[in-house]
Amino acid sequence: MAALTLTGMLMLSGGCQTDTVHLISTDQQRLEADEPLLVTQPGDEAWFWIEDNQRLCVAIGRGNVLGKTRGPRHAFALSLVLDGLPAGSGRTYPAGGRTLRAVLHEGPLHERYASTRGIVTVWRDAANRLSGRFRLTAVRHQFQVLTGWEPTGNVLVLGEFHARLSEVHGRPLLEVTERESLPRPTTSTRPAEAKPVIGPKPNL
């Protein structure tokens, strides 16, 4: 049977509204007959906070992601780190290699994700509420007992969230993604300014 999240949809709840995350494989070389096109999972929480007065953090979690109970974990955590604060009622962020980290544990299945590029848009619903949408490309690794973490292709990550303000609740989820996924670069991933392209001189 194909891995649970080769193409998946994860339903993640942030309060009374439902958040959704879609994981879609970008593998153009193989498509198994029994490979699920969509897999749905329930979610529990979504939080946001401002870090150092210059960085927006969002964390989404489901299940026993913090490992507070014994036995196999059935859990998912995703974090977004966005440089700069929302301007006015909303803001669109270019996403890069440090934007998204995610981990998935489903019994013996363990996967981790790290973004490479994409876009995130957020807007304020109220003083303590933040909503957003994102579309990112991410690399995926799966853990094998004999060989450890191995790359298993790229995925397209699409989602929406409705988060509540709380660093106390959100930071432990972000720290799980930091600890169990790929390391985040310490520098901003904002794209460099465009440079003029100099072509051949026109014939006069």
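Note that the structure is predicted; figures quoted are calculated from it, not measured.
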Could R179 and E175 be called an ion pair, given the rule that one side-chain N must be under 4.0 Å from one carboxylate O?
-> no
Side chain proximity check, L66 to V176, heavy atoms < 4.5 angstrom | yes
Are any side-chain N or O atoms of R135 and backbone N or O atoms of G159, one a donor and one an acceptor, separated by less than 3.5 Å?
-> no
Linked hydrophobic residues, F143 as query - side chain contacts closer than 4.5 Å = W149
Is it true that the side chains of S79 and R171 contain a donor and an acceptor less than 3.5 Å apart?
-> no
Are V120 and V58 side-chain neighbours, meaning at least one heavy-atom pair lies under 4.5 Å?
-> no
Mind listing the closest non-hydrogen atom pair of R140 and T152 along with its distance?
-> NH2-O, 2.5 Å
Check against side-chain contact (heavy atoms from CB on, under 4.5 Å), W49 and L174 = CA-CA 11 Å; W49 67 99; L174 183 144; 3.9 Å; yes
Are any side-chain N or O atoms of D44 and backbone N or O atoms of G63, one a donor and one an acceptor, separated by less than 3.5 Å?
-> yes
Indicate whether the side chain of T137 and that of N154 have a donor and an acceptor atom separated by less than 3.5 Å.
-> no
So, for P172 and E167, which heavy atoms are closest and what is the spacing to 0.1 Å?
-> CD-O, 4.1 Å
Shared ILVMFWY cluster between L156 and I119, side chains joined below 4.5 angstrom?
-> no
Co-membership, hydrophobic cluster, residues W47 and V103, 4.5 Å side-chain | yes
Each residue besides V168 in its hydrophobic cluster should be listed here, by chain and number; the cluster joins Ile, Leu, Val, Met, Phe, Trp and Tyr at side-chain heavy-atom distances under 4.5 Å.
-> none
How close do V122 and Y93 get, heavy atom to heavy atom, and via which atoms?
-> CG2-CE1, 3.7 Å
ILVMFWY cluster, L104 and L100 together (side-chain gap under 4.5 Å) = yes
What are the two closest heavy atoms between F134 and E160, and how far apart are they?
-> CE2-N, 4.3 Å
Salt-bridge present (R101, E178; N to O < 4.0 Å) = no
Do L165 and I60 share a hydrophobic cluster (ILVMFWY, side-chain heavy atoms under 4.5 Å, transitive)?
-> yes
Donor-acceptor pair between E180 and H105 side chains, under 3.5 angstrom = yes
Can you measure from OG1 (T177) to OH (Y113) and round to the nearest 0.5 angstrom?
-> 13.5 Å
Which heavy-atom pair separates E45 from L173 by the least distance, and what is that distance?
-> CD-CD1, 3.8 Å
Value for OG1 (T116) from CG (L136), rounded to nearest 0.5 Å, stands at 8.0 Å
All heavy atoms of D83 vs all of R91, minimum pair found to be O-NH2, 4.3 Å
CG/N64 to CZ/F76 distance, rounded to the nearest 0.5 angstrom?
-> 15.5 Å
Side chains of Q142 and E111, donor plus acceptor under 3.5 Å = yes
Verify, without hydrogens or angle tests, whether R184 (side chain) and R98 (backbone) share a donor-acceptor contact under 3.5 angstrom.
-> yes
